[in-house]
Amino acid sequence: MPSPPSAKEPARDTVAAASVPVLHPLPATNDTTVPDLVCFAHLHWDFVWQRPQHLLSRFAQQGRVFYVEDAFVHPDQVEPHLEIKDRQNGLKVVVAHLPHGLDEAHSNQVQYELLARFFGENSIENYIFWYYTPMALDKSRQFKPLLTVYDCMDELAAFKFAPPTLREREQELFGKADLVFTGGHTLYEAKSQQHRDAHPFPSSIDKDHFGQARQEMLEPADQAGIAHPRVGFFGVVDERLDIELLGALAEAHPEWQFVIIGPVVKIDPASLPRTANIHYLGGKDYQELPAYLRGWDVATLLFADNESTKFISPTKTPEYLAAGRPVVSTPIRDVVRPYGDLNLVHIASTADEFAQGIEKALQQHQDADWRQRTDEYLGTISWDLTWQQMVKLMQDRIERKTNPTSEDSAATTTPDERI
């Protein structure tokens, strides 16, 4: 999953990748009364379309959603204020604008006061808090939410430039959270040891959107002139990308053209390998991705083996497969399980093994058995299903808190029952 841009500098025109996909109307939940949902996130809504956008745009079909981003710190003096940006399904992005020079404690107090005033002005009284970053506790711990959810999509403390106090804040959040969701099974194994009510929700798929790549589509202009065979990757280009592997593959196989789509974040662009057969096309809109995938012969997960990739569950795995692209991946645990174990994705640990995987994948387009098995597995997952399962768990926990005499056993759902 992509990492965030700088907290002080929201991504604006550098990546237009968060435009909304077409969402199908969702089935009604058991209880039509949905509390407001206030999300605290380290990722800008308009950065790239990923887990928060998939889930919260669905929540917004049922009730009010407020997506609170990190504050934007101005280089000069401004009056502290909130900027409210309307997005799809009525979702509102909330950004605090602060003057330069505030220390951390003062900054968090000002943000709390701005939010408290905003809650009062908008009658936000019955609400769920949904956290993607534990660091947001410093501006929100004084509130009294009906329910607190920690959707832990990554091991953020292992990322480059992570705040030194992040692990401490996460422990505090575990103490406050009623529910913990994790972005994959490996992350669940770690977080379930720290919270009594954790549940794995691995990366899911919008099959209709990425399935467009199986049909005829107009070739994007910046890819049209690139020769075949094309070996592609899309995602944020950061410390998780194995640039040494990419460079070794490109040098050993000049006949293959490597198409890399995504913004460069937190690493020096000059450190990227620059051979004639590597094509960096920059960030693309979510709506454009199927057209690029349509023109690839093989899709890849070129992740390095380091602390920042230990717990990731790449959303692009099912997206590549839904597009009908054969996939080669480094041995990321949440790709090996289940995709490698089911022989849906080629797993490779070294440059030589990766090259062999690409050779096999290039012959896989006509493999009807692989395509059938892939589609059968993809038929068991969707963001709509994930949303429904999360809502059911939240409704159950709210019922427990508001009606303590209810049977706990009736509200308990084990991970095995859902996955």
Side-chain angles (χ1 to χ4, degrees), residues 1-5 10-24 43-58 85 87-89 91 93 203-238 240-241 246 256-265 269 272 277-303 314-328 365 378 382-384:
M1 293 184 183
S3 57
R12 305 235 183 242
D13 298 328
T14 54
V15 183
S19 83
V20 63
V22 176
L23 295 179
H24 303 293
L43 296 165
H44 299 299
W45 184 265
D46 296 326
F47 182 49
V48 292
W49 191 270
Q50 54 182 308
R51 182 184 181 94
Q53 288 86 351
H54 278 295
L55 291 173
L56 298 180
S57 60
R58 285 165 169 79
K85 298 181 283 188
R87 293 297 182 261
Q88 48 281 352
N89 297 333
L91 180 144
V93 175
S203 300
S204 197
I205 180 64
D206 183 344
K207 289 185 288 290
D208 290 342
H209 179 66
F210 286 95
Q212 296 176 85
R214 301 191 186 194
Q215 307 163 9
E216 290 299 325
M217 301 189 75
L218 183 64
E219 181 87 31
D222 58 350
Q223 183 172 274
I226 299 174
H228 288 268
R230 296 176 187 157
V231 179
F233 170 90
F234 71 69
V236 174
V237 179
D238 59 12
R240 292 167 296 174
L241 185 72
L246 173 60
W256 296 343
Q257 303 298 313
F258 293 85
V259 179
I260 309 297
I261 290 176
V264 179
V265 174
L272 297 173
N277 60 333
I278 302 179
H279 310 270
Y280 298 100
L281 303 187
K284 301 300 176 186
D285 190 282
Y286 181 83
Q287 298 287 10
E288 297 177 280
L289 293 178
Y292 283 92
L293 279 165
R294 170 69 183 171
W296 296 357
D297 299 288
V298 175
T300 61
L301 294 155
L302 290 162
F303 287 115
T315 306
K316 59 181 63 65
T317 314
E319 292 172 345
Y320 286 163
L321 293 172
R325 301 304 94 183
V327 181
V328 186
H365 288 274
L378 293 178
S382 73
W383 284 116
D384 286 351

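- To the nearest 0.5 Å, the span separating NZ on K284 from OH on Y292 amounts to 3.5 Å.
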Inset, instruction - Would you check, one step at a time, whether the test ring-ring contact (aromatic ring centres under 6.0 Å, His included) holds for F210 with Y286? - result: CA-CA 10 Å; F210 286 95; Y286 181 83; 5.6 Å; yes

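- Looking at V237 and Y280, their side chains never come closer than 4.5 Å, going by heavy atoms from C-beta outward.
- With a 4.5 Å cut-off on side-chain heavy atoms, R294 and Q215 do not count as touching.
- For residues 223-237, every residue pair satisfying the side-chain hydrogen bond (donor to acceptor under 3.5 Å, both in side chains) rule, not counting sequence neighbours, is listed here: E219-Q223, E219-R230, Q223-W296, H228-D297.
- Residue W383 holds its CH2 atom at 5.5 Å from OG of S203, rounded to the nearest 0.5 Å.
- Atom CD of residue E288 and atom CG of residue L218 lie 11.0 Å apart, to the nearest 0.5 angstrom.
- A distance below 6.0 Å separates the ring centres of Y320 and F234.
- Salt-bridge check for D384 with K207: failed, with every basic side-chain N at 4.0 Å or more from each acidic carboxylate O.
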Legend entry - Residue pair L301, T317: steps toward the side-chain contact (heavy atoms from CB on, under 4.5 Å) verdict: CA-CA 8 Å; L301 294 155; T317 314; 3.6 Å; yes

Inset, instruction - Test L293 against E319 for side-chain contact (heavy atoms from CB on, under 4.5 Å), laying out the working first. - result: CA-CA 10 Å; L293 279 165; E319 292 172 345; 5.6 Å; no

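- Between the CD1 atom of I261 and the NZ atom of K316 there is a distance of 11.5 Å, given to the nearest 0.5 Å.
- Counting only distance, with no hydrogens or angles, the side chain of S382 and the backbone of I205 share no donor-acceptor pair below 3.5 Å.
- Between V264 and L272, the closest side-chain pair of non-hydrogen atoms falls below 4.5 Å.
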Inset, instruction - Just do the side-chain contact (heavy atoms from CB on, under 4.5 Å) check on V259 and V231 with the steps written out, would you? - result: CA-CA 6 Å; V259 179; V231 179; over 6 Å; no

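- The closest side-chain heavy-atom distance from L43 to P52 is below 4.5 Å.
- No donor-acceptor pair closer than 3.5 Å links the side chain of N89 to the backbone N or O of L91.
- For the pair L281 and I260, the minimum side-chain heavy-atom distance is 4.5 Å or more.
- The CG atom of D206 sits 9.5 Å away from atom CH2 of W49, with the distance rounded to the nearest 0.5 Å.
- Looking at every heavy atom in both residues, A213 comes nearest to P290 through CB-O, 3.4 Å.
- Across all their heavy atoms, P318 and S204 have their closest contact at CG-O, 3.5 Å.
- At a threshold of 4.5 Å between non-hydrogen side-chain atoms, the residues Q88 and W45 count as touching.
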Inset, instruction - Show the numbers, then the answer: is there a side-chain contact (heavy atoms from CB on, under 4.5 Å) between H365 and R325? - result: CA-CA 8 Å; H365 288 274; R325 301 304 94 183; 3.6 Å; yes

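- H279 has its side chain out of reach of F258: every pair of non-hydrogen atoms, C-beta onward, lies at least 4.5 Å apart.
- Between L321 and L378, some side-chain heavy-atom pair lies under the 4.5 Å cut-off.
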